[in-house]
Structure formats: structure tokens, C-alpha cells
Colleague: 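Below is a structure I'd like to ask you about.
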Amino acid sequence: MQKPEYYDKLIRNVPDFPKKGIQFKDITTLIKDPKGLENAVNDLADSFKGEKVDKVLGIESRGFVFSTGIALKIGKGVILARKPGKLPAKTERAEYSLEYGKDSIEVHVDAISKGDRVLVIDDLLATGGTFLAAAQLVEKLGGVVAGIGCVIELTGSLHGRDQLKNYKVVSLVQIPVHE
Ligand code: AMP
């Protein structure tokens with residue numbers, strides 16, 4: 001398991017993106033580093049070793065990278081949570097608020113079977129709205145949230161983790177929101 005500082009060093013901070021006042025945590029610098037990518041995938045997968053997982057759900061779009069790596073490592077399949085209108089078959093939708101706006105995500109209704117234990121993965125936890133919406137989608141479709149995992153957790157005033165009290169939440173590095 002790598003120390004949080006290891007990930008902190010590999011993540012690029014982009015001030016005022018996509019709008020003024022937001023410190024954007026850019027994981028492209030982490031995933032272009034072969035060891036960085038491998039360690040992030042391994043550390044997330046290892047954090048949920050004790051949990052039974054049937055499927056790994058990736059949240060569009062940076063969540064796709066890590067969810068696919070984890071799924072390959074644990075021998076499971078990936079399901080996609082995408083922005084509205086992107087998935088071609090019948091979907092279920094959930095709305096959420098972002099640190100910088102409002103959005104919704106969709107999952108194919110046949111992506112999850114009753115009782116499936118689903119590990120929910122994204123790059124970053126900010127307010128927790130996205131993860132909560134994804135968790136609600138899993139549950140709406142009869143699945144069980146096996147855990148929530150991300151590389152970065154923004155701590156401080158956003159209280160993202162508080163929204164996700166019902167779930168096991170793992171982050172590899174915790175960064176105060178305005179740093
Ligand atoms: P939230 O729903 O507020 O927890 O926001 C999490 C989602 O928004 C994730 O998909 C992130 O990729 C994205 N996001 C929110 N804030 C940031 C940030 N400061 N830097 C990078 N991505 C962010």
C-alpha cells in the first residue's frame with residue numbers, strides 16, 4: 001500500500017478549472033505513470049479484499065480507468081455509469097449536484113442483477129453527490145453496494161464522506177479542498 005504522499009505527488013493541481021475558485025485534481029499525470037496507475041489499481045483492489053464483489057461500476061469518465069483495472073485484477077466485469085443519453089439500451093437515471101454544477105448519471109437496467117454486490121469507483125470524492133447517485137442506482141436495480149473507492153478525497157468543508165455513511169468508503173489520498 002502506497003502512502004498518501006505518493007499519490008499527492010503524482011496528481012496535478014490545476015487552479016481555476018473548470019471555473020474560478022476550483023482546484024482541479026488532474027489524475028492524467030498519475031495514470032500516464034505506469035507504476036502510478038498500477039499502484040492505484042492494486043491499492044484500491046486490495047482495500048476491498050475482504051468484501052465479496054460481483055461487479056465493478058465505473059463512473060464516467062475517469063472512473064472507467066480505475067474500475068477497469070480493478071475488475072481485471074479481481075476477475076470481475078465492469079459496468080458503466082454514464083452521462084445522460086450515452087448508453088444505448090434501457091437505463092435508470094439518478095440526479096446529483098456537483099462541486100461545480102448539476103448533472104445526472106445513467107446505468108443500463110440490465111447491468112445489475114438482483115443481489116449483485118457492486119464496487120463503485122471514481123477518481124475523486126468531493127461533495128459525495130456523484131457517488132451517492134451511483135449507489136442509489138445500484139440499489140434501485142436490486143444490487144448491493146460492496147464499497148466505494150476513489151483515488152482522491154477532498155476533505156474539509158465539502159463533507160462528502162458524511163453523505164456516504166452507509167457504505168465502506170476508501171480513498172488513497174486525502175487533500176483539503178482548497179489546496
Ligand atoms: P462530487 O459529486 O461533488 O463528489 O464530485 C465528484 C465528481 O466530480 C468526480 O467525478 C470528479 O471527477 C469530479 N470533480 C469534482 N470536483 C473535482 C475537483 N476539484 N477536481 C477534479 N475532479 C472533480
Side-chain angles (χ1 to χ4, degrees), residues 1-33 35-51 53 56-70 73 81 83 94-105 117-139 144-179:
M1 195 84 178
Q2 299 299 317
K3 294 205 169 81
E5 305 86 79
Y6 170 85
Y7 292 107
D8 199 26
K9 282 198 187 102
L10 286 172
I11 293 157
R12 173 162 53 197
N13 190 58
V14 185
D16 299 325
F17 183 89
K19 65 182 193 192
K20 209 164 166 44
I22 302 290
Q23 300 279 354
F24 194 87
K25 303 298 173 197
D26 177 20
I27 52 90
T28 64
T29 44
L30 167 73
I31 63 176
K32 77 173 181 186
D33 179 315
K35 271 286 161 203
L37 176 62
E38 186 184 353
N39 283 324
V41 165
N42 285 343
D43 285 351
L44 282 171
D46 288 350
S47 301
F48 294 98
K49 243 184 188 152
E51 310 295 328
V53 175
V56 186
L57 180 147
I59 300 176
E60 183 166 1
S61 58
R62 294 177 293 272
F64 294 169
V65 176
F66 302 104
S67 56
T68 303
I70 294 164
K73 189 170 155 76
K83 301 281 160 61
E95 269 216 348
Y96 62 97
S97 309
L98 271 180
E99 191 190 358
Y100 42 82
K102 237 187 191 317
D103 221 332
S104 49
I105 47 170
R117 294 186 55 86
V118 181
L119 181 58
V120 180
I121 300 293
D122 201 356
D123 64 330
L124 181 143
L125 164 63
T127 65
T130 311
F131 271 130
L132 189 62
Q136 284 165 350
L137 279 179
V138 169
E139 289 165 353
V144 176
V145 176
I148 286 178
C150 56
V151 177
I152 308 153
E153 175 177 355
L154 297 184
T155 57
S157 57
L158 297 174
H159 304 295
R161 199 173 265 270
D162 294 353
Q163 287 216 69
L164 305 169
K165 276 205 180 97
N166 293 341
Y167 310 109
K168 173 177 174 174
V169 179
V170 169
S171 57
L172 301 182
V173 56
Q174 302 72 39
I175 307 174
V177 61
H178 294 301
E179 272 184 18

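Quick note: residue numbers are just sequence positions, from 1. Quick caveat, the model's predicted, so the values are computed rather than measured.
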Colleague: Would you confirm whether Gln163, through its side chain, and Thr127, through its main-chain N or O, come within 3.5 Å as a donor-acceptor pair?
Modeller: yes
Colleague: Are Phe64 and Ile59 packed together at the side-chain level, in the sense that at least one heavy-atom pair is separated by less than 4.5 angstrom?
Modeller: no
Colleague: Once rounded to the nearest 0.5 Å, what's the spacing between atom CG of Asp122 and atom OG1 of Thr130?
Modeller: 6.5 Å
Colleague: Hey, are the side chains of Ile121 and Val56 touching, using non-hydrogen atoms and a 4.5 Å cut-off?
Modeller: yes
Colleague: I need the single residue from Lys32, Arg62, Arg12 that forms a salt bridge (Lys or Arg N to Asp or Glu O under 4.0 Å) with Asp26. Which is it?
Modeller: Arg12
Colleague: Determine, stepwise, if the pair Leu124 / Val151 fulfils side chain to side chain contact (heavy atoms under 4.5 Å, CB included).
Modeller: CA-CA 6 Å; Leu124 181 143; Val151 177; over 6 Å; no
Colleague: Are any of the side-chain heavy atoms of Leu57 and Val138 separated by less than 4.5 Å?
Modeller: yes
Colleague: With the side chain counted from C-beta on, respond yes when Glu60 and Ile105 share a heavy-atom pair under 4.5 Å apart, and no when they do not.
Modeller: no
Colleague: With sequence neighbours left out, write down each residue that passes salt bridge (Lys or Arg N to Asp or Glu O under 4.0 Å) with Lys49, or none if nothing qualifies.
Modeller: Asp46
Colleague: Does Lys168 reach the side chain of Phe48, with side-chain heavy atoms less than 4.5 Å apart?
Modeller: yes
Colleague: I'd like to know if the side chain of Gln174 and the backbone of Ser171 have a donor-acceptor N/O pair within less than 3.5 Å.
Modeller: yes
Colleague: Looking only at heavy atoms, which two atoms of Ala40 and Phe66 are closest? And how far apart?
Modeller: CB-CE2, 4.0 Å
Colleague: Between Val144 and Glu139, does a side chain to side chain contact (heavy atoms under 4.5 Å, CB included) hold up when you go through it step by step?
Modeller: CA-CA 6 Å; Val144 176; Glu139 289 165 353; over 6 Å; no
Colleague: Would you indicate whether the side-chain heavy atoms of Cys150 and Phe131 approach each other to under 4.5 Å?
Modeller: yes
Colleague: Which residues pass the side-chain contact (heavy atoms from CB on, under 4.5 Å) test with Ser61, sequence neighbours left out?
Modeller: none
Colleague: Carefully, step by step, assess Gln23 and Val14 under the rule side chain to side chain contact (heavy atoms under 4.5 Å, CB included).
Modeller: CA-CA 6 Å; Gln23 300 279 354; Val14 185; over 6 Å; no
Colleague: Give a yes or no answer on whether the side chain of Glu95 reaches the backbone of Ser104 with a donor-acceptor pair at less than 3.5 Å.
Modeller: no
Colleague: Measure across Lys35 and Asp33 and return the closest heavy-atom pair with its distance rounded to 0.1 Å.
Modeller: N-OD1, 2.9 Å
Colleague: Do Pro4 and Asp8 make a side-chain contact, defined as non-hydrogen atoms from C-beta onward lying under 4.5 Å apart?
Modeller: no
Colleague: Ala126 and Leu154: which non-hydrogen atoms are nearest, and at how many Å?
Modeller: CB-CD1, 4.0 Å
Colleague: Between Ile70 and Val41, what is the shortest heavy-atom contact and its length?
Modeller: N-CG1, 3.6 Å
Colleague: Atom CG of Leu37 and atom CG of Asn42: how far apart are they, to the nearest 0.5 Å?
Modeller: 9.0 Å
Colleague: What's the spacing between Asn166 CG and Leu132 CG if we round to 0.5 Å?
Modeller: 9.0 Å
Colleague: Indicate the atoms forming the closest heavy-atom contact of Ser67 with Gly58, along with that distance.
Modeller: OG-CA, 3.3 Å
Colleague: Got Ile175 and Glu153 here, is their nearest side-chain heavy-atom distance under 4.5 Å?
Modeller: no
Colleague: What closest approach, in Å, do Ser157 and His178 show between heavy atoms, and which atom pair accounts for it?
Modeller: OG-NE2, 4.4 Å
Colleague: Run the numbers on Ile148 and Val170 for side chain to side chain contact (heavy atoms under 4.5 Å, CB included), then give the verdict.
Modeller: CA-CA 6 Å; Ile148 286 178; Val170 169; over 6 Å; no
Colleague: For Gln2, give me all partners under side-chain contact (heavy atoms from CB on, under 4.5 Å), at least two apart in sequence or on another chain.
Modeller: Tyr6, Tyr7, Asn39, Asp43
